[in-house]
Amino acid sequence: KEHRGIWRTITIRTSKRTGECMLIIVHAPPSGGLGAKNDGTDDFSTSFESEKNRLAEMLKNKELGNTKREYPEPPKSDTKESEGDKDNTETATTEIPEDQNDQPIKVTSIFFQEYN
């Protein structure tokens, strides 16, 4: 079965630290693009802008839930260093305060990208 539609993919980037969310929505050309039907049944150009604006307003006015994630401990190195060496293998991590774990995420950026 062949599926035809306007929406392709969505990428969601969230930050617990700032409480913000960015969306990148990839969509087909509203006029159908490559492989468009000859009868025009997949031409959404007349309704696309209003649907895009409706979707953007709906997403901006909602708060997204925040999930608590459990991360595994990083692996420990078995190699011992000589006394003069500094350990450069540790990476800095940003600790998120516990109250930010429950903070809802707000959609602050929405990008629409056309892809044929």
Side-chain angles (χ1 to χ4, degrees):
K1 182 176 180 179
E2 185 175 336
H3 173 75
R4 292 179 182 265
I6 192 86
W7 307 116
R8 299 282 192 233
T9 61
I10 183 169
T11 301
I12 303 170
R13 302 276 318 245
T14 61
S15 170
K16 282 187 175 185
R17 186 178 55 79
T18 63
E20 296 177 338
C21 174
M22 175 186 73
L23 303 173
I24 303 170
I25 301 171
V26 180
H27 61 87
S31 60
L34 292 175
K37 291 183 177 180
N38 293 333
D39 62 2
T41 56
D42 56 355
D43 185 351
F44 301 103
S45 54
T46 56
S47 59
F48 181 72
E49 282 302 315
S50 63
E51 180 62 18
K52 184 171 87 169
N53 292 336
R54 185 189 71 79
L55 179 62
E57 284 303 312
M58 179 186 67
L59 291 169
K60 288 191 309 187
N61 293 327
K62 296 281 185 182
E63 290 181 339
L64 306 176
N66 202 339
T67 59
K68 182 165 177 60
R69 294 189 174 100
E70 300 291 332
Y71 296 104
E73 288 291 321
K76 303 284 185 204
S77 175
D78 289 339
T79 60
K80 293 188 179 189
E81 299 184 27
S82 54
E83 283 186 29
D85 293 342
K86 289 187 176 183
D87 183 11
N88 292 328
T89 59
E90 290 186 31
T91 57
T93 59
T94 305
E95 290 294 325
I96 298 172
E98 195 59 39
D99 62 333
Q100 284 185 3
N101 280 326
D102 298 328
Q103 169 182 316
I105 304 274
K106 185 84 174 151
V107 176
T108 56
S109 303
I110 303 172
F111 300 96
F112 288 90
Q113 181 178 3
E114 187 175 299
Y115 179 74
N116 217 356

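Note: E20 CD to S109 OG = 7.0 Å, rounded to the nearest 0.5 Å. Between atom OG1 of residue T11 and atom CD of residue Q113 there is a gap of 9.0 Å, rounded to the nearest 0.5 Å. In this structure, CZ in F112 is found 4.0 Å from CD1 in I25, a value given to the nearest 0.5 Å. Atom CD in Q103 sits 11.0 Å away from atom CZ in R17 (nearest 0.5 Å).
Side-chain contact between I12 and C21: present, with at least one pair of heavy atoms (C-beta onward) separated by less than 4.5 Å.
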For residues 55-64, which side-chain N or O atoms pair as donor and acceptor with protein atoms under 3.5 Å away, sequence neighbours left out?
from, atom 1, to, atom 2, distance (Å)
E57, OE2, K60, NZ, 3.2
N61, ND2, E57, O, 3.0

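Using the six-membered ring where Trp is involved, H27 and F48 have ring planes that are tilted, between 30° and 60° apart.
There is a path of hydrophobic side-chain contacts, each under 4.5 Å, that joins I10 to I110. Residues M22 and I105 fall into different hydrophobic clusters, defined by Ile, Leu, Val, Met, Phe, Trp and Tyr side chains chained together at heavy-atom separations under 4.5 Å.
Contacts of S15 classified as side chain to side chain donor-acceptor pair (under 3.5 Å), with partners at least two apart in sequence or in another chain: T18. Residues passing the side chain to side chain donor-acceptor pair (under 3.5 Å) test with E114, sequence neighbours excluded: none.
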